[in-house]
Amino acid sequence: MVDNGAQNEFADWRWQLARAPRDWPSLAAALRLSPSEIERRQGAAERYPPLATPYYLSLADLDDPDDPIRRQILPDPAEIAPAWTAAADPLGEQDNSPVFGLVHRYPDRALILLNARCAVHCRHCLRKRNWGRELAWSQPRFERALRYLREHQEIREVILSGGDPLLSEDATISRWLRALAGLPRVSSLRIGSRLPVVLPQRFTDEFCAMLGESPGAWLATHFNHPRELTGEAGAACRRLLRAGVPLVNQSVLLKGVNDRAEVLRELGLGLLRIGVKPYYLFHGDPVAGTRHFRTGIRRGLEIMAELRGTVSGLAIPAFAIDLPDGGGKLALTPDSCVGSEGGAPCFKGLGGRVYRYADDDPEPRRQKPEAGG
Ligand SMILES: *Cc1c(COP(=O)(O)O)cnc(C)c1O
Ligand code: SF4
């Protein structure tokens, strides 16, 4: 296209990335923060650098300090509060990584970290420890990961994750898709991407067609608030569906963003309207730098009880926690708790083992070394 009008620039995903404020002064300016606010949030911004696309920024109400979009991108002093001593990698992803870039925790599913880049740095991110890290997929690493998938015949689904896997170049994505399509035992492919929410411009007809050619490809996205359900986001989802890519949504329950039944009800109904099935609502993992977003499991269960019976079951996600130390995901209902220890509820996880889940104030956990190579 040769039109250089502002409208066309805004609709161009590469322009969105090139213009995304990616340091504190530029984000603070875009959000029109006062000097005292800039100062107050400086430390958190230095520890976890901010990033947001102009599109996502345009959804924020700059006059509302409680704005749900703003909350998701604005560094908060609580992120670096010393009282919070959660682990950087509480899910033990590093421990479950047999070869570079691959996490194998459930026998039948393997997760591949395609890159460590995102279009927006969500303040509640459970992989914020990886921001700015390079995932260098050399040819030998690529081959080693494929060999692992080939040799582990029990793997039926591959999940492409990141960062955001769809920020990779088309050629890189296409190479992975073709390689995975060549694995006869792998019957489905799940692409975990927040781009429908923060960079819907990425989903051109051509790009969607490429994803849709992949047999068994699903896209799992990450809408947290009904305000994110814009015309652009809806159009991106429609193009994906038309190309043959079914869509599900994984939200995170976030204090001050979506921790009310009416917000989640509206989100669920809005997702159904654009053809996206609400799949999971995660309770915030005890990840370093995210404490201020956690609501506690009890609050989550209350909200679930309010949703049940007041809205279509199709609009209701499963409320789930990720058990610590690789214990797996667990969907919670009021009766799933199998006891408590030291004030923390306990749940039965993978292999029938009982996991203690530090709900609000986890004890200091050892920091796990970052696995490399
Ligand atoms: C979440 C996750 C999965 C997928 O779990 P589902 O319940 O199938 O959505 C697979 N592997 C890892 C490592 C995960 O964290
Ligand atoms: S898009 Fe996903 S991986 Fe990236 S910062 Fe947001 S939550 Fe984290």
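In this text the structure is predicted, and so the values were computed from the model without any measurement. Every number for a ligand or one of its atoms is a count from 1 in the order of the listing.
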Might you confirm whether atom [atom1] of [X] has over 12 heavy atoms from other residues, nucleotides or ligands at distances under 6.0 Å?
X	atom1	answer
K348	NZ	no
R47	CZ	no
E39	CD	no

Mark up the atoms of ligand 1 that fall under 4.0 Å of a heavy atom belonging to [X], in ascending order.
X	result
K329	1 (C), 2 (C), 3 (C), 4 (C), 5 (O), 14 (C), 15 (O)
R109	5 (O), 6 (P), 7 (O), 8 (O)
V103	13 (C)
Y279	6 (P), 7 (O), 8 (O), 9 (O)
R105	13 (C), 14 (C), 15 (O)

Inset, instruction - Decide whether a cation-pi geometry holds between R202 and F207; the criteria are a distance under 6.0 Å from NZ or CZ to the six-membered ring centre and an angle within 45° of the ring axis. - result: yes
Legend entry - Distance-only N or O hit between ligand 1 and R190, under 3.5 Å: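 Yes.
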Can you name the ring-ring contact (aromatic ring centres under 6.0 Å, His included) partners of [X], sequence neighbours left out?
X	value
W176	W137, F142
H292	none
Y280	F282

Legend entry - Side chain, backbone, both or neither: I159 near ligand 1, heavy atoms under 4.0 Å: side chain
Inset, instruction - Answer with side chain, backbone, both or neither: which part of E157 has a heavy atom less than 4.0 angstrom from an atom of ligand 1? - result: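 Neither; no heavy atom under 4.0 Å.
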Legend entry - Within less than 2.8 Å of atom 4 (Fe) of ligand 2: protein N, O or S atom count: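 Number of qualifying protein atoms: 1.
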Legend entry - Shortest non-hydrogen contact between T333 and L301, atoms and distance: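 Heavy atoms of T333 and L301 come nearest at C-CD2, 4.0 Å.
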Legend entry - I297 to H283 - nearest heavy-atom pair and separation: N-NE2, 3.5 Å
Legend entry - Protein heavy atom under 4.0 Å of atom 7 (S) of ligand 2: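 Under the 4.0 Å cut-off, atom 7 (S) of ligand 2 does have protein heavy-atom neighbours.
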Inset, instruction - Tell me whether L17 is reachable from I173 by hopping between hydrophobic residues (I, L, V, M, F, W, Y) whose side-chain heavy atoms are closer than 4.5 Å. - result: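 Yes, I173 connects to L17 through the hydrophobic network.
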